Amino acid sequence: MRLRTVGACVIAAVVVASPVLARNDDRAVSLMAVVQLDRPFVQGGIARGRVPRGWSGLMLDDRAVGVAGDGSFLVAIDRDAGPMATLALTDAAGVLHRQQIAVAPRDRRA
């Protein structure tokens with residue numbers, strides 16, 4: 001999936017549920033419980049979000065996402081994106097968390 005990161009913004013705090021998480025030990029935390037998104041991922045759309053203080057290295061499909069000092073970020077999803085995207089983030093203890101997030105198809109009638 002191709003995506004672009006665009007400067008950081010202040011956001012509304014709406015959490016999007018996602019089913020899959022991978023971590024190296026048994027203390028796994030759902031990223032969607034700690035990462036705030038203002039809307040679901042949609043092909044050709046944008047989403048603004050915020051990561052917690054102390055967490056770092058936000059990646060979406062193995063591409064770095066710029067995060068502002070207050071933890072806010074903005075991503076653009078390619079209009080031809082596949083049905084899933086992988087979000088990765090390192091917590092304050094240095095543990096890398098990964099989670100798949102659904103990417104909804106865009107209504108192409110418009």
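Source: prediction; values computed, not measured.
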Closest contact, heavy atoms only, His97 versus Trp55: CD2-CZ3, 3.7 Å
Test item: Gln99 side-chain N/O and Leu87 main-chain N/O as donor-acceptor pair under 3.5 Å: no
Pair Thr86-Leu60, side-chain contact (heavy atoms from CB on, under 4.5 Å): steps then yes or no: CA-CA 6 Å; Thr86 301; Leu60 188 59; over 6 Å; no
Side-chain heavy-atom pair Phe41, Val75 within 4.5 angstrom cut-off: yes
Check: Ser56 and Thr90 side chains under 4.5 Å, non-hydrogen atoms: yes
Residue list, side chain to side chain contact (heavy atoms under 4.5 Å, CB included) with Ala88, at least two apart or on another chain: Met59, Leu96, Arg98
Test applied, side-chain contact (heavy atoms from CB on, under 4.5 Å); reference residue, Leu31; option that passes from Asp91, Leu89, Leu58, Val51: Leu89
Polar side-chain atom of Gln43 near backbone of Ala81 as donor-acceptor pair, under 3.5 Å: yes
Val35 and Arg50, any side-chain heavy atoms less than 4.5 Å apart: no
Shared hydrophobic cluster, Val65 / Val42 (ILVMFWY, side-chain heavy atoms < 4.5 Å): no
Residue pair Ile46, Leu74: steps toward the side-chain contact (heavy atoms from CB on, under 4.5 Å) verdict: CA-CA 7 Å; Ile46 61 168; Leu74 177 68; 4.1 Å; yes
Backbone of Ala85 reached by a side-chain donor or acceptor of Asp61 within 3.5 Å: no
